[in-house]
Protein chains: 2
Amino acid sequence: MLFTPFKINSITLPNRLVVPAMVTRLSGEDGFVNDAIRERYRRFAKGGAGLIVIEAMAVHQAKSGPLLRLGDDQFIPGQRDLAKLMHDSGPGKVVPQIIHFLKIARSGWRQKVDDLSLDDIREIARAYAAAAARAIKCGYDGVELHMAHAYTLSSFLSRLNPRRDDYGGSLENRLRLPLEVVAAVRAEIGREFPLGVRFLGEECIKGGATVEDTRLIALALAKAGVDYLSVSAGGKFEDAVHRPGEPLYPYTGYSGDRCMPGASYPDGANLYMSTAIRACLREHGQQTPVVATGKINTPQMAEDILKRGDADLIGMARPLLADPDWPRKVQAGQFDKVIRCCYANVCKARDEHFQTVACFLWPKGASQAPESDDLQPPQWPASGDGLKIEHKNGRIYLRWNAASDNEGVYGYDVFRAEGAGEFMRLTAVPGGLTTFIDGGCAPGVGYRYQVKAYDFAGNRSAASQVVAAGTA
Amino acid sequence: MLFTPFKINSITLPNRLVVPAMVTRLSGEDGFVNDAIRERYRRFAKGGAGLIVIEAMAVHQAKSGPLLRLGDDQFIPGQRDLAKLMHDSGPGKVVPQIIHFLKIARSGWRQKVDDLSLDDIREIARAYAAAAARAIKCGYDGVELHMAHAYTLSSFLSRLNPRRDDYGGSLENRLRLPLEVVAAVRAEIGREFPLGVRFLGEECIKGGATVEDTRLIALALAKAGVDYLSVSAGGKFEDAVHRPGEPLYPYTGYSGDRCMPGASYPDGANLYMSTAIRACLREHGQQTPVVATGKINTPQMAEDILKRGDADLIGMARPLLADPDWPRKVQAGQFDKVIRCCYANVCKARDEHFQTVACFLWPKGASQAPESDDLQPPQWPASGDGLKIEHKNGRIYLRWNAASDNEGVYGYDVFRAEGAGEFMRLTAVPGGLTTFIDGGCAPGVGYRYQVKAYDFAGNRSAASQVVAAGTA
């Protein structure tokens, strides 16, 4: 099902794979599209995802760090070029995510929704509508409204929205501005232009909303004519860790962990949210498509989610950052050529430290994923893979011989089997390293390991020998 | 299945319902059993749950607030009386939960696991074993080791355990002391005396453990011969909110919300944890029973969990605090006589404020759940229920006429239907009130409401008329 077309309002996606909006920090503070941005999104387009959501761009002209902007007509030419480049580079549809955010200061101070006057609130809806109109002019296929994480519309939707007027204090009131924004945008763009919303399935903060609220938020948005609903989680200011001298960053607390679940989380950690939300929509007769995200990374997992009817579209952010060609390779039956995300969350850490977002697995210093059509896989040396295992100090230590490749060894996948279980891919190790320490083993369980080398095109070497440790 | 017997090691529970350990703050700081404790647990025993876990009692003699103790032989007579009282009062088996905790101060300071010497660590295992031996002498049916929340063994199991020696730094090392405690306790109590463990399915803190770790913790404990595994969540110091002048309390942050999920959480909010844990055990051939907890509250839900094989035993804390006779009533086919928890978490708030734990639904000032065998249900007045609805300010306001009863109206259940859906019980309102404000309604959804009065025995009045608001 993953590679079947899917209709959203007047457009048809070539497949069910979505690149959700991902911060890149590649733009300048001026907000214009630059070469690095163009290259990042050309790769996603070429990679073949059905829907590519371009990173959040501001609907207003508030000061911020590096951030794309759509709050003025001066941004249209650059964005129009980007839309054209992406359409020329691949089959996917392209929508920009548009965002309004409140002010934050290096002192840790932040503007809150109850600091806004009714005029300020009206201006937010107007700015969203104007930016959406610009998105049409740029040639985008639709627009996605950012109602997630720590930003303005999410803060209105929040259970912690402290307003005591018509814009807070009850779910209906918390929904008022987001629904006004949807109405204003729709009035501007017309009925057939796809309008999506990214919102939170769970706030993941003390006193925050869970699916008990968010399924009803989804229902209200669906009834208001939103064309798709993309479910995220967490990423809030309330539990953010303030670093002195830096503005508060909403992915530094537990809710940030839940927004981008790392290696310590199970696959599909947030799936229960989109499942509950979609079930609520369908129970109430709404057919609005739901995008599931959060550590979904294999074709099998994606297919299972679609087959179970837990979601209509599959969002993959970090896996497609690691390898933008994931869709193209998988459609060609070559999942074994995908460079696989290891959820080390170095991308997240770089973002937190205000660095341009890059993947830990990319070649050192690279600002984009490598491209290669090479077909020759890496080879183990004549002396063999030399995989050795040692169990000491409560950890399992692996080391192996370096493989070689005509273009260069890009990395190694480490596979592990628990007890009598099957081998599962555990993590990746960048090509410069030939060791791995496993600190996640329980006593009393036998473990087996195997390693494969891969090159820039994702060609895999023969599997290494199998080594074992622990008591079965 | 809920009311079928269940064997744990050498004992057989009369049914699958478990009262998990619940703090009461009813004991004195001396740690002896007193009348209030006896009455609290007599009610649970009489209520008919299959397994009653008595609140945590300290294995050591460290200073603390009101807390039962089993760290010295002087506590045996009182505990022996309590065990006998409970066995005499109902069919359930009874185990004490035994706990070791580290020091905390009103300044916010707390002792951490890396402050402990190897001698201190050895002493912890010894103290657990000695307390378990006392539990046998008291006539208890088994013993449960507290490895959850913010306490010593949980802090060793934590992904945030900072030790760099054999007791931290890897999953195997984090498990070392908990497994040493299990071995020491087992050596003391023998093979046939049931030994359970309460532990965390997820820490629910930044960087904390998820089921990726905890399923393996469960597996290691199962292989070490633990007789049942009871799954909780959160309740950690790391995200606790420090109130000046009070000791840090581990249920005051988000992880505290997740430990006792309140009204804003879906039913069975933590079920996915026990499901994943049990699946891992069974995949590895371990048949250790798993207790699921966390907002499980209806017989149907309990049956569904057991039928799906997601758990072997059903833990209910707050529902049985609200009505200790839940098991007896449900077994008699009278779920409609149960006083139902509304998850307002007043019990949790009282605990946080160092007050004795009571249920919000109990009569004002009561320190125990009321008992009544009355059969006469409350009546609406001759003028009718008078249920009125008003939709204003983004909220739905309900008010109704007071019902009357021969013994007194104890409260009202409020039922709500969303759209064309069925009536679901939404909440309870204590008997003195005849109003309810619903701030959780979404625009565009029609809502219908209905109210029933109940008395101390749980007899329900006729249902009120149905009133509706909102647009369908």
Side-chain angles (χ1 to χ4, degrees), chain A residues 159 166-176 179 204-213 215-217 219-220 222-224 239 241 252-257 261 263-266 269 272 276 280 283-285 391 393-396 418-421 437-445 470, chain B residues 159 166-176 179 204-213 215-217 219-220 222-224 239 241 252-257 261 263-266 269 272 276 280 283-285 391 393-396 418-421 437-445 470:
Chain A
R159 278 193 91 233
D166 287 351
Y167 290 93
S170 73
L171 183 57
E172 182 173 331
N173 290 348
R174 285 150 48 199
L175 267 158
R176 197 172 306 279
L179 291 174
C204 303
I205 49 175
K206 185 181 179 183
T210 72
V211 291
E212 282 297 287
D213 276 11
R215 66 188 181 88
L216 295 172
I217 289 170
L219 183 56
K223 291 200 166 196
D239 67 350
V241 180
T252 45
Y254 175 76
S255 72
D257 277 12
S264 66
Y265 279 81
Y272 68 94
C280 176
E283 275 164 26
H284 287 84
H391 183 185
N393 305 328
R395 297 166 192 83
I396 289 175
E418 293 176 0
I437 303 174
D438 193 350
C441 296
V445 184
Chain B
R159 278 193 92 233
D166 287 350
Y167 289 93
S170 73
L171 183 57
E172 180 172 332
N173 289 348
R174 286 149 49 199
L175 266 158
R176 195 171 309 277
L179 291 175
C204 303
I205 48 174
K206 184 181 180 182
T210 73
V211 292
E212 283 296 286
D213 276 11
R215 65 188 180 88
L216 294 172
I217 290 171
L219 183 56
K223 290 199 168 196
D239 67 349
V241 180
T252 45
Y254 174 76
S255 73
D257 277 12
S264 66
Y265 279 81
Y272 68 93
C280 176
E283 276 163 26
H284 286 85
H391 183 185
N393 305 329
R395 296 165 192 84
I396 290 175
E418 293 176 359
I437 303 174
D438 192 352
C441 296
V445 185

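Considering only heavy-atom pairs separated by less than 4.5 Å from chain A, the leading option among B/E418, B/H284, B/E283, B/R159 is B/E418. Comparing A/I396, A/T252, A/V241 by how many heavy-atom pairs each has under 4.5 Å with chain B, the most go to A/T252. Heavy-atom pairs under 4.5 Å with chain B were tallied for A/G253, A/P261, A/C204, A/A420; the largest tally goes to A/C204. The most heavy-atom pairs under 4.5 Å with chain A, out of B/G439, B/C441, B/G394, come from B/G394. In terms of heavy-atom pairs under 4.5 angstrom with chain A, the leader among B/N393, B/D438, B/D166 is B/N393.
We find the CG-CZ distance between A/L171 and A/R176 to be 11.0 Å, quoted to the nearest 0.5 Å. Note that CG of B/D257 is 6.5 Å distant from OG of B/S264, once rounded to the nearest 0.5 Å.
Of the residues listed (A/I217, A/D213, A/L216), the one engaging A/L175 in a side chain to side chain contact (heavy atoms under 4.5 Å, CB included) is A/I217, and it is the only one.
The backbone N or O of B/S255 lies less than 3.5 Å from a partner atom in the side chain of B/D239, making a donor-acceptor pair.
Interface remark: B/L179 contributes side-chain atoms only to the contact with chain A (heavy atom separation under 4.5 Å).
Relative ring orientation between A/Y254 and B/Y254 is described as tilted, the plane-to-plane angle lying within the 30° to 60° band.
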